[in-house]
Visitor: 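Before anything else, here's the structure in question.
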Amino acid sequence: PVETPWVETPEAPDATALPQPLFDDAAVGNHGWGFMEDGCQSVVVTDEEVYEGEKAIMAKWSTSETKPCSLMVFGINWSDWNPVDVTEMKEQAELHFYIKAADPTALDFRIELEDFNRASSGVDWSTSYAKQAKDGWWAVNIPMAKLVENIDMKQVKSLLFRMQGEGEMYLDELRWE
């Protein structure tokens with residue numbers, strides 16, 4: 001006899017299809033993590049400043065010698081927590097998003113991809129990846145090839161924003177293109 005599964009799991013969307021949304025008005029599939037407020041960081045979904053739609057991510061962080069904070073990071077998984085094999089998309093895909101800050105050149109953070117072995121690879125934020133868009137927002141494009149140099153490209157888990165020093169920014173419309 002054929003057994004019927006006791007839990008039906010929907011077919012997962014193709015996590016390598018482009019464009020691939022990561023955050024519109026919420027993290028795709030509600031798989032954002034590190035969205036929290038504590039003494040070191042505040043990462044929340046807000047309607048205070050948006051590029052498009054109704055919501056954006058607001059990240060505010062601060063660390064110093066008198067207030068050491070070892071982990072200030074948030075991330076987004078776009079594959080229902082399944083490993084994503086990005087080997088086929090690494091040469092053509094770019095991370096695209098919009099950023100707004102009082103002084104984008106002064107922000108200190110890294111944009112990384114992390115694999116399921118907890119290895120991560122990425123780039124330091126720089127406005128060289130960005131061009132001015134509208135109303136103080138900057139359009140950002142980072143080639144995926146710059147984010148995968150030291151990770152297992154067959155086991156990618158999530159996109160990370162690793163914050164250092166102090167800063168405040170809004171992020172919106174994150175996606176792979």
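When a residue number appears, it is its place in the shown sequence, counting from 1. The structure presented is a predicted model; accordingly, all values stated were derived computationally and were not measured.
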Visitor: Begin from the C-alpha positions of Trp176 and Val86 and carry the test side chain to side chain contact (heavy atoms under 4.5 Å, CB included) through to its verdict.
Guide: CA-CA 11 Å; Trp176 294 112; Val86 300; over 6 Å; no
Visitor: Same hydrophobic cluster for Val43 and Val45, using side-chain heavy-atom links shorter than 4.5 Å among ILVMFWY?
Guide: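 Same cluster.
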Visitor: Mind running side chain to side chain contact (heavy atoms under 4.5 Å, CB included) on Leu160 and Ile111 for me, showing each step along the way?
Guide: CA-CA 6 Å; Leu160 308 178; Ile111 302 143; over 6 Å; no
Visitor: Taking Asp25 for the side chain and Lys55 for the main chain, is one N or O donor matched with an acceptor at less than 3.5 Å?
Guide: yes
Visitor: Check whether any side-chain N or O of Glu54 sits under 3.5 Å from a backbone N or O of Asp47 as a donor-acceptor pair, and report yes or no.
Guide: no
Visitor: What are the two closest non-hydrogen atoms of Ser120 and Glu112, and how far apart are they?
Guide: OG-OE1, 3.1 Å
Visitor: Report yes or no: does Gln41 contribute a side-chain atom to a donor-acceptor pair with the main-chain N or O of Gly34 at less than 3.5 Å?
Guide: yes
Visitor: If I compare all heavy atoms of Pro104 with all of Ala101, which pair ends up nearest, and what's the gap?
Guide: CD-O, 3.6 Å
Visitor: Using a strict 4.0 Å threshold on nitrogen-to-oxygen distance, state whether Asp124 and Arg110 make a salt bridge.
Guide: yes
Visitor: Can you tell me if Thr127 uses its side chain to pair, donor with acceptor, with the backbone of Thr105 under 3.5 Å?
Guide: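 Absent.
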Visitor: Less than 4.5 Å apart, any side-chain heavy atom of Leu22 and any of Leu95?
Guide: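 Answer yes - side chains close enough.
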Visitor: Taking Trp137 as the starting point, is it possible to reach Tyr129 by hopping between hydrophobic residues whose side chains are less than 4.5 Å apart?
Guide: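 In one cluster: no.
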Visitor: Does CD belonging to Gln92 count more than 12 external heavy atoms closer than 6.0 Å?
Guide: yes
Visitor: Does Asp85 use its side chain to pair, donor to acceptor, with the backbone of Thr87 at less than 3.5 Å?
Guide: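 Answer holds: yes.
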Visitor: Check each of Leu147, Asn150, Val148, Asp115 against Ser121 using the side chain to side chain contact (heavy atoms under 4.5 Å, CB included) test, and report the only one that passes.
Guide: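 When Leu147, Asn150, Val148, Asp115 are each tested with Ser121, the side chain to side chain contact (heavy atoms under 4.5 Å, CB included) holds only for Asn150.
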Visitor: Please report the shortest heavy-atom distance between Glu173 and Glu52, naming the atom on each side.
Guide: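 Scanning both residues, the minimum pair turns out to be OE2-O, 3.2 Å.
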Visitor: For Pro21, is there any backbone N or O sitting under 3.5 Å from a side-chain donor or acceptor partner on Trp78?
Guide: no
Visitor: Verify, without hydrogens or angle tests, whether Lys100 (side chain) and Asp135 (backbone) share a donor-acceptor contact under 3.5 angstrom.
Guide: yes
Visitor: Is it the case that one hydrophobic cluster holds both Phe97 and Trp138, taking links as side-chain heavy atoms less than 4.5 Å apart, direct or via other members?
Guide: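 They do share one cluster, since a chain of ILVMFWY contacts under 4.5 Å joins Phe97 to Trp138.
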Visitor: For the hydrophobic clusters of this structure (ILVMFWY residues joined by side-chain heavy atoms under 4.5 Å, transitively), does one cluster hold both Val123 and Met169?
Guide: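 Yes; tracing contacts between hydrophobic side chains, which count when under 4.5 Å, links both residues.
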Visitor: Would you find a donor on one side and an acceptor on the other, under 3.5 Å apart, between the side chain of Gln20 and the backbone of Asp14?
Guide: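 The answer is yes, because a donor-acceptor pair under 3.5 Å joins these two groups.
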Visitor: To the nearest 0.5 Å, what is the distance between NZ on Lys157 and CG on Asn117?
Guide: 9.0 Å
Visitor: Would the number of heavy atoms belonging to other residues, nucleotides or ligands and lying under 6.0 Å from CG of Asp103 be above 12?
Guide: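 More than 12 heavy atoms, drawn from other residues, nucleotides or ligands, come within 6.0 Å of this atom.
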Visitor: Can you label the angle between the Trp61 ring and the Phe109 ring as parallel, tilted or perpendicular, going by 30° and 60°?
Guide: perpendicular
Visitor: Does Met58 share a hydrophobic cluster with Tyr98, counting links as ILVMFWY side-chain heavy atoms below 4.5 Å and allowing steps through other members?
Guide: yes
Visitor: Without swapping roles, check the side chain of His96 against the backbone of Leu174 for a donor-acceptor pair under 3.5 Å.
Guide: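 No, the answer is negative, given that no donor and acceptor are paired below the 3.5 Å cut-off.
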